[in-house]
Amino acid sequence: MLDELTVRGFGIIEGIDWRPGGGLNVITGETGAGKSLVIDAMEALLSGQADEEDIRHGSDEARVEGVFSLENNQTDAPLRALLAEKGLAGDDTVLLSADFRRQGRTTPRVNRQAVARSLLRDIGAALVDIHGQSQHLSLLRKEQHREFLDAYAHTLDLRRDFASKAAELHQVDREIQSLSRSEQELARQADLLNFQIDEINRSKLEEAEEPALERELALLAAAEKLKAAAYEIYRIIYGDENSLEASSALDRVNEAVPAMRQIAETDPALKPTLGSLEEIVHGLEELAREVRSYGDNLSFDPPRLAEVQARLELIRGLKRKYGGSVDEVLRYLTKAEAELAGLTSSGERREQLISDREKLKKAMGELAARLSRERGKAAKKLASAVKKELAELNMGRVDFDISLTQEASPDGIPFPDGKFYKFSTAGADDIVFMAS
């Protein structure tokens with residue numbers, strides 16, 4: 001129901017804010033007062049379109065805004081579902097607005113979100129019927145006949161159940177089609193996956209292996225230089241074992257110890273300094289031993305160097321093929337194994353899906369048949385009620401009927417009578433209101 005209509009700068013309308021009352025509202029006035037412009041503004045709002053001459057003289061733009069309230073009934077249920085599907089659902093109101101500019105594009109909005117004009121027209125058609133020169137007369141649109149009949153028959157919930165089954169069937173059909181590739185293509189894909197899986201598995205990759213190998217490679221490549229440097233450090237600290245000269249750093253520091261001890265005996269305040277000097281001597285001795293041990297353990301090992309280089313090259317090759325890191329290569333391995341398992345079981349899965357499809361179609365056939373029965377009973381009741389109303393309007397010679405037909409199709413859904421019918425998400429019925 002329209003709760004409020006706001007119009008600014010439309011035709012000769014400078015501005016109106018109209019809040020219709022409950023029931024029948026009548027707009028009266030002299031010819032040329034702008035009564036029809038209210039309807040024109042509503043049509044522009046529902047279509048998102050207006051001509052430049054519709055914009056008030058002296059204005060650069062016109063604005064039309066409508067606030068509509070929704071009821072919690074089956075009539076408004078399809079509109080609520082459409083709004084939810086498009087992410088436009090709010091509370092129990094719908095706000096339509098449009099700014100029409102002389103220069104620039106018009107963007108219609110629903111609940112303050114920009115929408116395409118086609119969607120706006122669908123929403124507007126569910127909100128308003130304009131009887132007259134309008135294009136919003138829903139009785140003339142065949143696609144609305146099913147909505148009217150289902151609302152009258154209270155079959156909207158049953159139709160939603162059918163639509164859910166139809167969506168499930170569509171998903172099953174897509175998966176079957178995906179699995180129905182040629183056997184040669186499946187075989188080629190399986191061979192490739194087997195090769196990739198075998199290549200990665202044979203490498204026996206470990207996540208922390210590459211950094212350790214790179215460190216080892218650096219040591220192996222510089223082993224001789226590192227060994228020579230370690231011995232030179234040892235010689236400087238400890239001296240040359242083959243030389244009789246006491247010119248090592250350790251000897252020089254050792255020479256200072258007696259002198260410092262003599263000072264500390266005279267001045268006890270320097271006893272801590274003596275202790276520090278003695279610790280330096282011990283530290284130099286330990287450092288010299290560690291450096292000597294490090295140098296002794298270093299050796300130039302060409303076979304190991306070649307082995308490490310080859311291993312690193314193998315890892316880099318796998319990274320070029322399957323990912324930028326060892327972790328990504330291992331993730332690819334997991335993915336490839338899962339895909340291969342899927343290919344191996346695709347035949348069994350396809351057979352299961354075909355069986356599921358047949359069960360779904362059977363269930364859909366039963367639902368569609370029930371939906372047709374309920375619609376058929378409601379159609380007779382509605383047609384009788386309409387003809388009774390027409391007779392009371394002194395239009396007794398007018399005939400009204402509701403046509404429910406189904407189109408046979410071998411690819412359709414089976415009804416309980418064994419016949420197969422074409423279907424849509426709304427069932428198997430083609431519904432048309434007919435009058436003469």
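The neighbour count for Arg174 CZ, taken as heavy atoms of other residues, nucleotides or ligands under 6.0 Å away, does not exceed 12. For CZ of Arg370, the number of neighbouring non-hydrogen atoms (other residues, nucleotides, ligands) closer than 6.0 Å is 12 at most. Around the CZ atom of Arg112, the shell of radius 6.0 Å holds no more than 12 heavy atoms that belong to other residues, nucleotides or ligands.
For residues 328-339, the set of pairs meeting the side-chain hydrogen bond (donor to acceptor under 3.5 Å, both in side chains) definition, not counting sequence neighbours, comprises Gln189-Glu339, Gln196-Tyr332, Asp327-Arg331. Applying the ring-ring contact (aromatic ring centres under 6.0 Å, His included) rule to pairs touching residues 252-283 yields nothing, sequence neighbours excluded.
When only modelled atom types and interatomic distance are considered, Gln406 and Asp430 share no side-chain donor-acceptor pair under 3.5 Å.
Under the side chain to side chain donor-acceptor pair (under 3.5 Å) criterion, Asp17 pairs with Thr6, Arg8, not counting sequence neighbours. Asp60 pairs by the salt bridge (Lys or Arg N to Asp or Glu O under 4.0 Å) definition with nothing, not counting sequence neighbours. In this view, Glu71 satisfies the salt bridge (Lys or Arg N to Asp or Glu O under 4.0 Å) rule with no residue, not counting sequence neighbours. Remark: Asn194 pairs with no residue by the side chain to side chain donor-acceptor pair (under 3.5 Å) rule, at least two apart or across chains. Taking the side chain to side chain donor-acceptor pair (under 3.5 Å) definition, one finds that Asp99 meets it with Arg63, sequence neighbours left out. Looking at residues two or more places apart in sequence or on another chain, you find a salt bridge (Lys or Arg N to Asp or Glu O under 4.0 Å) between Arg202 and Asp198. With sequence neighbours left out, the salt bridge (Lys or Arg N to Asp or Glu O under 4.0 Å) criterion links Arg146 to no other residue. Looking at residues two or more places apart in sequence or on another chain, you find no side chain to side chain donor-acceptor pair (under 3.5 Å) involving Arg316.
Side chain of Asn201 to main chain of Ile197: a donor-acceptor pair is present (N/O by atom type, distance under 3.5 Å, no hydrogens or angles). Remark: the backbone N or O of Glu43 is paired with a side-chain donor or acceptor of Ser47 at under 3.5 angstrom. Asn111 contributes a side-chain N or O that, together with a main-chain N or O of Leu95, makes up a donor-acceptor pair within less than 3.5 Å. At least one donor-acceptor pair closer than 3.5 Å links the side chain of Ser276 to the backbone N or O of Pro272.
For Lys204 and Glu199, the salt-bridge test fails: no basic side-chain N is under 4.0 Å from an acidic carboxylate O. A salt bridge links Asp157 to Arg160: one of the charged nitrogens lies within less than 4.0 Å of a carboxylate oxygen. Ion pair Arg311/Glu210 not flagged as a salt bridge, since none of the NZ, NE, NH1 or NH2 atoms sits closer than 4.0 Å to an Asp/Glu carboxylate oxygen.
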Review item, side-chain donor-acceptor pairs of residues 357-367, under 3.5 Å, at least two apart:
{"residue": "Arg357", "atom": "NH1", "partner": "Asp173", "partner atom": "OD1", "Å": "3.2"}
{"residue": "Lys361", "atom": "NZ", "partner": "Asp411", "partner atom": "O", "Å": "3.2"}

All N/O donor-acceptor pairs, side-chain side in residues 413-424, below 3.5 Å, sequence neighbours left out:
{"residue": "Asp417", "atom": "OD1", "partner": "Lys419", "partner atom": "N", "Å": "3.0"}
{"residue": "Ser424", "atom": "OG", "partner": "Ala426", "partner atom": "N", "Å": "3.2"}

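Asp3 contributes atom CG, which lies 8.0 Å from atom OG1 of Thr93 (distance to the nearest 0.5 angstrom).
Within the 4.5 Å cutoff, no side-chain heavy atoms of Leu5 are placed close to those of Val67.
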